[in-house]
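Reviewing the structure listed below.
Atoms considered below: every heavy atom in the structure, side chains included; atoms not considered: hydrogens, waters and symmetry mates. Source: prediction; values computed, not measured.
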Amino acid sequence: QEAAATVDARLRAISRWLIEQPPVHLFRLLECDICAIDCQHAERLSALAFQSIFAPVVAVFREAQERGEVRPHSPEVLAGSFLAVMDNIWYARQHLGASHTMEQMAEMMIDTLLNGARCEPHTASE
């Protein structure tokens, strides 16, 4: 299936999977909670989070760059941004009374991440 190979389709599939799971709160876990556990367990948990969540999203952006679908920005920054947005969709839906479904919010944020929020083309020098 050719469409499944596009960055849009892959991010949508990842977002659907993340929405179907209990919230991970990956960044809070790695930034705050991990300090409260044994160092050996913390390292193992960090490695598992990297391998199972972060690295696959980095690969999506890296492969999209190789195909010329996205600009050559850091795939790690793009992946982190995508995952942070997905974490916050849970928060927005549960605590801010968001009027959209989580799926709709994910679609909007994927579109914004890939296409920008501006109506007009913009360059960094403007």
Side-chain angles (χ1 to χ4, degrees):
Q1 164 176 346
E2 187 66 31
T6 67
V7 66
D8 305 67
R10 292 179 77 187
L11 291 178
R12 281 188 197 97
I14 293 168
S15 71
R16 282 190 302 274
W17 184 85
L18 288 169
I19 288 168
E20 292 171 357
Q21 309 308 310
V24 176
H25 304 298
L26 178 64
F27 295 103
R28 185 194 72 203
L29 172 79
L30 295 175
E31 188 69 24
C32 302
D33 299 343
I34 210 154
C35 299
I37 62 176
D38 175 77
C39 189
Q40 182 180 8
H41 294 299
E43 287 178 17
R44 184 171 183 275
L45 185 58
S46 292
L48 287 171
F50 179 82
Q51 292 170 347
S52 61
I53 299 173
F54 191 71
V57 180
V58 169
V60 166
F61 284 107
R62 187 168 285 127
E63 292 164 11
Q65 287 173 345
E66 291 169 1
R67 290 189 305 272
E69 286 186 86
V70 296
R71 290 184 278 174
H73 295 305
S74 166
E76 293 81 9
V77 170
L78 293 170
S81 298
F82 171 76
L83 290 169
V85 165
M86 290 306 300
D87 249 6
N88 284 305
I89 284 174
W90 276 101
Y91 181 82
R93 185 71 179 143
Q94 294 174 351
H95 302 288
L96 300 179
S99 60
H100 297 87
T101 67
M102 289 175 35
E103 293 82 2
Q104 290 169 328
M105 287 188 279
E107 286 285 330
M108 285 187 276
M109 296 317 302
I110 290 167
D111 178 61
T112 301
L113 180 63
L114 295 176
N115 301 308
R118 294 183 183 272
C119 295
E120 298 291 322
H122 173 74
T123 62
S125 62
E126 292 182 341

Qualifying residues under side-chain hydrogen bond (donor to acceptor under 3.5 Å, both in side chains), relative to Arg12, sequence neighbours excluded: Glu107
Joint cluster assignment, Met86 & Leu48, ILVMFWY side-chain distance < 4.5 Å: no
Going by atom type alone, with no hydrogens or angles, which donor-acceptor pairs under 3.5 Å involve a side-chain atom of residues 54-66 and a protein atom two or more places apart or on another chain?
{"unit_1": "Arg62", "atom_1": "NH2", "unit_2": "Glu76", "atom_2": "OE2", "d": "2.8"}
{"unit_1": "Glu63", "atom_1": "OE1", "unit_2": "Arg10", "atom_2": "NH1", "d": "2.4"}
{"unit_1": "Glu63", "atom_1": "OE1", "unit_2": "Arg10", "atom_2": "NH2", "d": "3.3"}
{"unit_1": "Gln65", "atom_1": "NE2", "unit_2": "Arg71", "atom_2": "O", "d": "3.1"}
{"unit_1": "Gln65", "atom_1": "NE2", "unit_2": "His73", "atom_2": "O", "d": "2.4"}

All side-chain contact (heavy atoms from CB on, under 4.5 Å) counterparts of Leu45, not counting sequence neighbours: Leu29, Ile34, Ile37
Side-chain heavy atoms of Leu114 within contact of Leu11, under 4.5 Å: yes
Hydrophobic cluster identity match, Val70 and Val77, side-chain contacts under 4.5 Å: no
Shortest non-hydrogen separation from Trp90 to Ile19 and the atoms involved: CZ2-O, 3.3 Å
Test side-chain hydrogen bond (donor to acceptor under 3.5 Å, both in side chains) applied to Thr112 - qualifying residues, sequence neighbours left out: none
Sequence neighbours excluded, every pair satisfying salt bridge (charged side-chain N to carboxylate O under 4.0 Å, His left out) that has a member inside residues 38-51: none
Rounded distance [0.5 Å steps], OG in Ser15 versus CE in Met105: 11.5 Å
Heavy atoms from other residues, nucleotides or ligands near CD of Gln21 exceed 12 (cutoff 6.0 Å): yes
Pairwise side-chain contact, Val85 with Leu113, heavy-atom cut-off 4.5 Å (strictly under): no
Partners meeting side-chain hydrogen bond (donor to acceptor under 3.5 Å, both in side chains) with Asp111 (sequence neighbours left out): Asn115
Separation of Ile89 CD1 from Gln104 CD (nearest 0.5 Å): 11.0 Å
Spatial distance of atom CD (Glu20) from atom CE (Met102) [nearest 0.5 Å]: 9.5 Å
